[in-house]
Amino acid sequence: MGAYIPNTEKERWDMLKAAGFSDFSELYADVPEGIRLKGSLALPPGQAELPVRRSMEKLAGENQVFAHIFRGAGSYRHYIPAIVDEIATREKFVTAYTPYQAEISQGILQSIFEYQTMICQLTGMEVSNASVYDGATAAAEAAAMCIGKKRHTVLVSGAADPGVRRVIKTYCFGNGSRYLEIPEKDGVTDRGKLSELLSDETACVYVQQPSYYGCLEDMDSLCEMAHGAGAKLIAGCNPISLAVLKTPGEYGADIAVGEGQPLGIPMAFGGPYLGFMAATKEMFRKLPGRIVGQTVDRDGKRGFVLTLQAREQHIRREKAGSNICSNEALCAMRAAVYLAAMGARGLEEAAKQCAAKAHYLQKALKGAGLFREHSGEFFHEFVTASDTPAEAILKALERKGILGGLPLDGKRILWCATEMNTIEEIDETAAIAKEVTGV
Amino acid sequence: MKLIFERGAEGRGCSILPPCDVPEVEFSRKRETKLCLPSLSETEINRHYSELEKQVYGVNSGFYPLGSCTMKYNPKVNEAAAALPGFSGLHPLQPEHTVQGALELLNRSEKALCEITGMDRMTFQPAAGAHGEFTGLLLIKAYHQKRGEGEKRTKILVPDSAHGTNPASAAMAGFKVVNIPSGPDGCVDLEKLQEAAGEDTAGLMLTNPNTVGLFDKNILEITGIVHGAGGLCYYDGANLNAVMGIVRPGDMGFDVIHLNLHKTFSTPHGGGGPGSGPVGCKEFLAAFLPGKAAERREDGTYEFETPAESIGAVRSFWGNFLVVAKAYAYILSLGAEGIPEAAESAVLNANYLKKKLEDIYPMAYPGTCMHEFVMDLSKIKEKTGVTALDIAKGLLDGGIHPPTMYFPLIVHEALMFEPTETESRETLDEAAELLRKLYRTACENPKELHEAPIHTPVRRLDEVQAARKPVLRYSYDL
């Protein structure tokens, strides 16, 4: 069927002749005969739009979309204001290329500049880049910013998201730096073990706030320890929590990174997501990827351009700090529209509701015999343990259309609540769990 | 135009969330500094972005012949498919039996793209082309390490015409970069390659068709030399659009590749992303792939499996899933015959436009081009003082997105045009007409082009000031 080619076959023949050829095969004269594809690709024939749509709908229909979700672990269901989808699906924003031609790309450039400002506001840091692929690659890129000739060990908290840890470790395999994990203790970084691991080879310490288990780390003291050993501190943050919790800027982190998905981006089976990165004035020239800066045009009018490009791969090639080129610009725009729609008050309200509902859920589950494993403060996630197999509880919830927490092993479950969860839903979840545990 | 922070007034906002239905909780480690975000009504937010949108050039604002970027039409049915709640509403860590459609989509996309590229397995974790390069190089590194040659094979050969991401990715993966000069024909200099390849060679990174728009006809000799030295061959898929369905990287001798779904497979660029850069490889590298693969069981159901000797993970979860969904819808639309048809038409459009310009604009390399061609404006610059940049800026006033400028680096005043197959003959004719007009202006009134653009929302911007005195965010304190 169609390959989205406007020209008819006759027109194409005319064009071919106008271009000085007598047959289409001449276009590929440089391709050695021996390696050309014999026959056609082993794929089905092309289809018209309607059957394509039906095929895609059929695949989508074979997935279960849960109406009630208590699972986070790196991907969170938050309310996405209608205006976010409306703006982020406008065709020009969706289809434009990277804004290298600044004169006709001011809309994209300004939207990124505004995004950078909002990320600095959230994190309390001085400079933000235009985004990277996701929170995990943001963490890995941040670690790479800290590595030097003498300091080449990356310490990563064992209380951080295992998916993020895996990505940092893989990037370390690439650049040859040493990857070490700081053991976890009671849902947070074991500070005693951290002080043993810190040395004059430590480039940086990566800590996640809140931790993978939802617990709040004592970031002030972790920062002090890292800095005391001459290492940088990288904070991996949940962006919604930054509306209410002490910011990386306030506790003195050198780089703040995180997964921006909670900011108006759908869970979408894991992507596209948004990696945000912000740094201090001292570190910002090492930030990877695109950065938008303000300037003026020939008539003195304010305008925006991609700037500090001397850091980047298309200029520095093998000497660049990172290879990143494409980023997640449209997701960054989603985040900016989300933050504008929520406003400071709205974001704070969302953060407070997440925490309030998670705490209410925790108490309700406790009544069902699922006890919290850790002791410290938590934000909107927490771990329960019980003698009842996790699978039995989660299956029972699933039968009622509820996606329960993430099973960490046979007995432990990592739960999450957000502003999306209602009191009725939480009560029902606890009641179902109670039936299974028989408490 | 006003910044979003310069609009609205304290106290304005949108009403999004209902009051909380459970008791509040307090934290001991609270945010102390005031959070400043826009205070705007929904009307104002909407208008603000409408203003921004006016100052954006999208794929359908006009002709977009940006070389090496494959700015083809982004079909709407793909967008509609990816927006289905059955895809966008899935948590990435749902039980596998509740995401069978998503796993099937990944499995089928992998099979189709392997068939198109001549690879055996593929991962969708990489989120962009450069990310794919890094991933592919890690596979090469893992392969040599497993054979006990990791210490020895430390160099990656990269032609001097390569995309900047190639050497940057090699450095990130811990390799030393050896630049291979191009021959006078713009292709790999076989002698130089032979000299450079040896026991320290980990691999070669190559784009074919290359960045000057030519198919390197010595491709089998090239991959043969590298294999002969014990290295592996990496295919940068940026230019696959020219040859998909015609010749496969796997049959050219490549062991590992990346694709840019946001170029070749019609997914939109989003003003810089998200893209998707899946990495494919031959069977002997499959055990090293990152993340998890969606495997089909005998009973027809699907499950995730981690490759036996996986390098780990290069991104969270399963990559930019919705982008893969769009590409899959595109593959369904084109099918076995549409894929080579698209490639052939892309090559035709490039040759047609080139023919219409080559009498006045010197081409960097003679002969038949693939999906793109490179002009060299050095002589025009010498004669008139008008640079490639000036011509590009002149195109802006004519309503056309300029081609890629000053790339590849081996051509000095380079303009690289890639029309793609989704442009009509009239669009190409009009573009040729405008370029001929600009040439006349260059000869008769070069000053006019130095001044261009004048009809755009802003004129040429002061990049030096932007870099010297960086203003990288709005400051609420001022």
Side-chain angles (χ1 to χ4, degrees), chain A residues 3 5-6 15 19 27 30 35 40-41 43 45-46 52 56 59-60 62-65 87 92 95-96 98 103-104 106-108 117 133 136 163 166 170 174 176 246 266 269-272 293-295 297-298 303 307 313-314 317-318 320 323 325-330 340 343-344 359-360 423, chain B residues 13 21-22 29 35 37-38 49 52 55-59 81 84 86 88-90 92 98 101 127-128 130 164 167-169 171 173-174 177 215 217 251 268 270-275 312-313 316-318 320-321 332 335-336 338 342 347 351-352 355 424 456 458-459 461-462 466 471 473-474:
Chain A
I5 301 167
M15 290 166 71
L27 294 173
D30 284 342
I35 56 171
S40 72
L41 291 164
L43 292 175
V52 167
M56 295 302 286
L59 283 173
E62 283 160 17
N63 301 314
Q64 185 177 348
V65 179
I87 288 172
K92 290 208 262 177
T95 65
T98 302
E103 297 89 340
I104 53 166
Q106 285 299 301
I108 300 274
T117 304
Y133 311 130
R166 212 172 296 132
T170 307
K246 200 163 178 178
F269 203 49
Q294 183 180 310
T295 186
D297 76 355
R298 276 190 182 177
T307 191
Q313 49 77 26
H314 59 284
R317 297 176 80 83
E318 63 267 31
N323 67 345
C325 185
S326 285
N327 55 25
E328 306 293 306
L330 192 62
H359 284 74
Y360 182 85
I423 189 168
Chain B
D21 54 7
V22 298
R29 299 181 182 91
L35 173 63
L37 290 172
Y49 282 95
L52 290 185
Q55 303 198 6
V56 177
Y57 192 94
V59 149
L84 291 168
S88 65
L90 301 180
T98 66
S169 301
V177 176
F215 190 91
K217 52 184 163 229
D251 300 330
S316 56
F317 308 117
W318 335 117
N320 283 346
F321 174 75
L332 289 180
V347 174
N351 278 288
Y352 178 78
K355 181 77 180 177
S424 70
T456 45
V458 291
R459 299 189 57 209
L461 290 143
D462 189 342
V471 178
R473 64 182 164 91
Y474 171 78

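Residue numbers start from 1 in every chain, and the chains themselves are labelled A, B, ... in the order their sequence lines are given, proteins ahead of strands. Note that the structure is a prediction, hence the values are computed from the model and not measured.
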Counting heavy-atom pairs under 4.5 Å to chain B, which of [options] comes out on top?
options: P272(A), A136(A), G303(A); value: P272(A)
options: L330(A), L59(A), I87(A); value: L59(A)
options: G163(A), G176(A), S326(A); value: S326(A)
options: I108(A), T307(A), N327(A); value: N327(A)
options: T98(A), L41(A), V65(A); value: L41(A)

Which of the residues [options] is involved in the greatest number of heavy-atom pairs with chain A at under 4.5 angstrom?
options: V59(B), L90(B), D462(B); value: L90(B)
options: G13(B), A171(B), P38(B), A342(B); value: P38(B)
options: V471(B), V347(B), V177(B), T456(B); value: V471(B)
options: G164(B), S316(B), G272(B); value: G272(B)
options: A313(B), G58(B), S424(B), A127(B); value: A313(B)
options: A128(B), G335(B), G174(B), A336(B); value: A336(B)

Please give me the minimum heavy-atom distance between [X] and [Y], naming the atom from each residue.
X: T95(A); Y: P268(B); result: CA-CB, 4.2 Å
X: E103(A); Y: R459(B); result: CG-O, 3.6 Å
X: A329(A); Y: G270(B); result: CB-O, 3.5 Å
X: R317(A); Y: A168(B); result: O-CB, 3.5 Å

Does any heavy atom of chain B fall under 4.5 Å from the side chain of [X], the backbone, both, or neither of them?
X: A344(A); answer: both
X: L27(A); answer: both
X: T170(A); answer: both

Non-hydrogen atoms of chain A under 4.5 Å away: do they reach the side chain of F321(B), the backbone, both or neither?
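Interface part for F321(B): both.
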Per-residue contact mode, L84(B) against chain A (heavy atom under 4.5 angstrom)
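Looking at L84(B), just its side chain touches chain A.
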Less than 4.5 Å apart, side chain to side chain, heavy atoms only: is that true for H359(A) and V22(B)?
no
Under a 4.5 Å cut-off applied to non-hydrogen side-chain atoms, are L332(B) and M56(A) in contact?
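In contact.
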Results of ring pair (Phe, Tyr, Trp, His ring centres under 6.0 Å) for Y57(B) - residues two or more places apart only
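Partners of Y57(B) by the ring pair (Phe, Tyr, Trp, His ring centres under 6.0 Å) criterion, ordered by chain and then number, come out as Y64(B), H401(B).
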Is it the case that the side chain of D21(B) and the backbone of I423(A) share a donor-acceptor pair, with hydrogens and angles ignored and the cut-off at 3.5 Å?
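Checked: pair present.
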Main chain of Y474(B), side chain of T117(A): is a donor-acceptor contact present, judged purely on distance under 3.5 Å?
yes
[atom1] of [X] to [atom2] of [Y]: how many Å apart, nearest 0.5 Å?
X: N320(B); Y: E328(A); atom1: CG; atom2: CD; answer: 5.0 Å
X: T98(B); Y: N63(A); atom1: OG1; atom2: CG; answer: 7.5 Å
X: D251(B); Y: I35(A); atom1: CG; atom2: CD1; answer: 7.5 Å
X: T295(A); Y: L461(B); atom1: OG1; atom2: CG; answer: 6.5 Å
X: S169(B); Y: E318(A); atom1: OG; atom2: CD; answer: 11.5 Å

Going by the angle between their ring planes, with limits at 30° and 60°, are W318(B) and F269(A) parallel, tilted or perpendicular?
tilted
My understanding is that only residues two or more places apart in sequence, or in another chain, count here; which of them pass salt bridge (Lys or Arg N to Asp or Glu O under 4.0 Å) with D30(A)?
K217(B)
